[in-house]
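The next block holds one structure in the form of structure tokens; read it before the comments.
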Amino acid sequence: MEDNSQIIYLEIDTDITEVSRLLSQTKAKQIRLVVPAKSGLLRSSINLKLLKKQIASSKKEVILVCPDQDIQKLILRSGLQVASTVKSKVIEMTSLATSDLDPASGNQVSKEEPVVSDMVTEDLTKESDLKEEDEEPSGQSTLVVKQFDPESSKQTPSSSKADLDASTKTAVATDSEQLKIPDFDHFRRKFLIIGGLGVVAVSLILVGVLTPKAKVTVSLQAEQVPINLSLDQSEFEQAGYGQITDQETLTTTVVASEQKDLGSVAQGNVVIQNCEDSDAHSLKKGTKLISGGLSFELDQAITIPAGIFSAGGTVCSTPLVEAGIKASEKGSDYNLTQASFGFTELSANFKATGTTSGGESKIVKVIAQSDIDQARAALIATNTLEEADLVSQIDQNQSRLVKGSYSEVVDQESLADPVGSQVDQTELKLVIKSSLDYLELKGIGVVLDQYLQENSDGSKQIFDNGAESVEPSYQDGQITITTTGYLGPKFDQERIISELRFVSKKQVREVVKEYIDYQDLQVDGGITLLSRMPIFGSKIGLELEVTNI
């Protein structure tokens, strides 16, 4: 099998695009991403958000490695995992808030100093602070010992205080007076003893924390078991299936971009005379007339009589015919008085004169469908409910999400003014419903373990149930789980580890060989040091690397 973890070291100038490429190309399920201290990659909230989305879509566990505590806090607040070094534990938010971290291990280190209270001083004084001199030279001060009664320490606080004060008073006397002097050397010795014990205790704790872990990796030959399970509705709960939904109401302003002319067209009448030829001419409704560049049309069909000419054809006395016309467009520019008109289909010898009125321009803005569609797409893009938000609601006990089917739909939509309304702007409201179907690793592991046990003859144990590489799918009310499990010979792992606590590094292979018929074995870490300190034997770990048959 491939190594399930990998360490990636980034350059100072590595950008978020390059990180995304590295994550997508890396096959390992767990990645430690080491970011240089001077890199600006993690100092940008936008980069952290993009990185968070990339990690979520990669289905991999990514731990950022960064020694800077300020950047560690930014990373934790963004919902990502962080460690101080490639070998240290993942840092919790409370650790940064309440304690310092050892930069070498990422573990919490107490900085409290030993404190000796006044009561300690008083007790030491009461036990043996005074010495007695058997002989006293003449004219010298005399040392008197006040004996300490252990029962007196059970008195009330007020009486104990009085006795203590009385026992520690000194006086300088001549022949009749007594002198009581505290033994500071004795107190100093006891203080050093207590402080030394405290240092020893702290040292033992630090040794336990900082002692390197030893790892014994055993490569085993195992039987590969393909798994393809289809779970119906009754098995969903056991498989850790669930769905969570949430919704968000979003509003935005839709600005009208389309203009509409609500004015009227000019109408009127013209009189027409044929001075072109001696033929009658029939004109259809809608025949175009032009006056000063403005377009009009006949609103009825007419026949222009044949032309009548005299004086050698120089005088035209053809009867006039009247017809109604209207402007081709709206607007007051089409209101004309005694204007001359020409036909686009006839020569200029067909003369027409007339007057039009009633034309008016009135431009208004209206809400178009394109305005709604554009505003709707922009509003959906601003939806703040993301897959991570739903995952955070599922993951109350830090259970790991294997795969989720995330979807967003517009559950409700309302528009203050309908399409085509004569308004400059209106309000669009959307209720977006987000849902996530998910399977938890713990629940899937139970199902897979049960399947492998049922398909084993009892002489083998499960090395890998395939839960971490499971590929679930959802269709027609059923969940299909596809993965691969591994079975191998039984052995007592705890027994092996307990015996490794007392051996040297050279003896590891012999001990493991007594219990496992392995193909290869590798020892990493300080197992020699641990063998000299059995109390830290729990730091020895036994990992299995399965080799396919």
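All residue numbers refer to positions in the sequence shown, counting from 1.
- Not one N or O on the side chain of Gln300 forms a donor-acceptor pair closer than 3.5 Å with the backbone of Ala323.
- Within the 3.5 Å criterion, the main-chain N or O of Gly358 finds a donor-acceptor partner in the side chain of Ser264.
- Contacts classified as ring-ring contact (aromatic ring centres under 6.0 Å, His included) and involving residues 40-93 (residues at least two apart or in different chains) are not found.
- A donor-acceptor pair under 3.5 Å is absent between the side-chain atoms of Thr252 and the main chain of Leu379, judged by distance alone.
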Worked check of side chain to side chain contact (heavy atoms under 4.5 Å, CB included) between Ile55 and Ile31: CA-CA 10 Å; Ile55 292 173; Ile31 301 171; over 6 Å; no

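- Among pairs with a residue in residues 29-81, none fulfils ring-ring contact (aromatic ring centres under 6.0 Å, His included), at least two apart in sequence or across chains.
- The disulfide (SG to SG under 2.5 Å) pairs that include a residue from residues 418-457 number zero, where partners must be two or more places apart or lie in different chains.
- For residues 36-88, no residue pair satisfies the ring-ring contact (aromatic ring centres under 6.0 Å, His included) rule, not counting sequence neighbours.
- A side-chain donor-acceptor contact under 3.5 Å links Arg32 to the backbone of Thr85.
- Thr356 places no side-chain N or O within donor-acceptor distance of the main-chain N or O of Gln267, the cut-off being under 3.5 Å.
- With hydrogens and angles disregarded, no donor-acceptor distance shorter than 3.5 Å links the side chain of Gln369 to the backbone of Val419.
- Taking the side chain as every heavy atom from C-beta outward, Ile432 and Leu250 approach each other to under 4.5 Å.
- Remark: side-chain polar atoms of Thr245 are not paired, donor with acceptor, to backbone N or O of Ser435 under 3.5 angstrom.
- The stretch residues 296-324 participates, sequence neighbours left out, in these ring-ring contact (aromatic ring centres under 6.0 Å, His included) pairs: Phe296-Tyr334, Phe296-Phe341.
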Please set out all donor-acceptor pairs under 3.5 angstrom arising from side-chain atoms of residues 256-263, sequence neighbours excluded.
{"unit_1": "Ser257", "atom_1": "OG", "unit_2": "Asp371", "atom_2": "OD1", "d": "2.5"}
{"unit_1": "Ser257", "atom_1": "OG", "unit_2": "Asp371", "atom_2": "OD2", "d": "3.3"}
{"unit_1": "Asp261", "atom_1": "OD1", "unit_2": "Gly263", "atom_2": "N", "d": "2.9"}
{"unit_1": "Asp261", "atom_1": "OD1", "unit_2": "Lys362", "atom_2": "N", "d": "3.0"}

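- In terms of modelled atom types and a separation under 3.5 Å, the side chain of Ser39 and the main chain of Val35 share no donor-acceptor contact.
- For the pair Val391/Tyr406, no side-chain contact is recorded, criterion being any heavy-atom separation below 4.5 Å from C-beta on.
- The pair Glu386-Lys49 meets the salt-bridge criterion, since a charged nitrogen lies less than 4.0 angstrom from a carboxylate oxygen.
- For Asn274 (side chain) and Asp279 (main-chain N/O), a donor-acceptor pair under 3.5 Å exists by modelled atom type.
- Note that the NZ atom of Lys73 and the OG atom of Ser78 stand 14.5 Å from one another [nearest 0.5 Å].
- Remark: side-chain polar atoms of Ser328 are paired, donor with acceptor, to backbone N or O of Ser295 under 3.5 angstrom.
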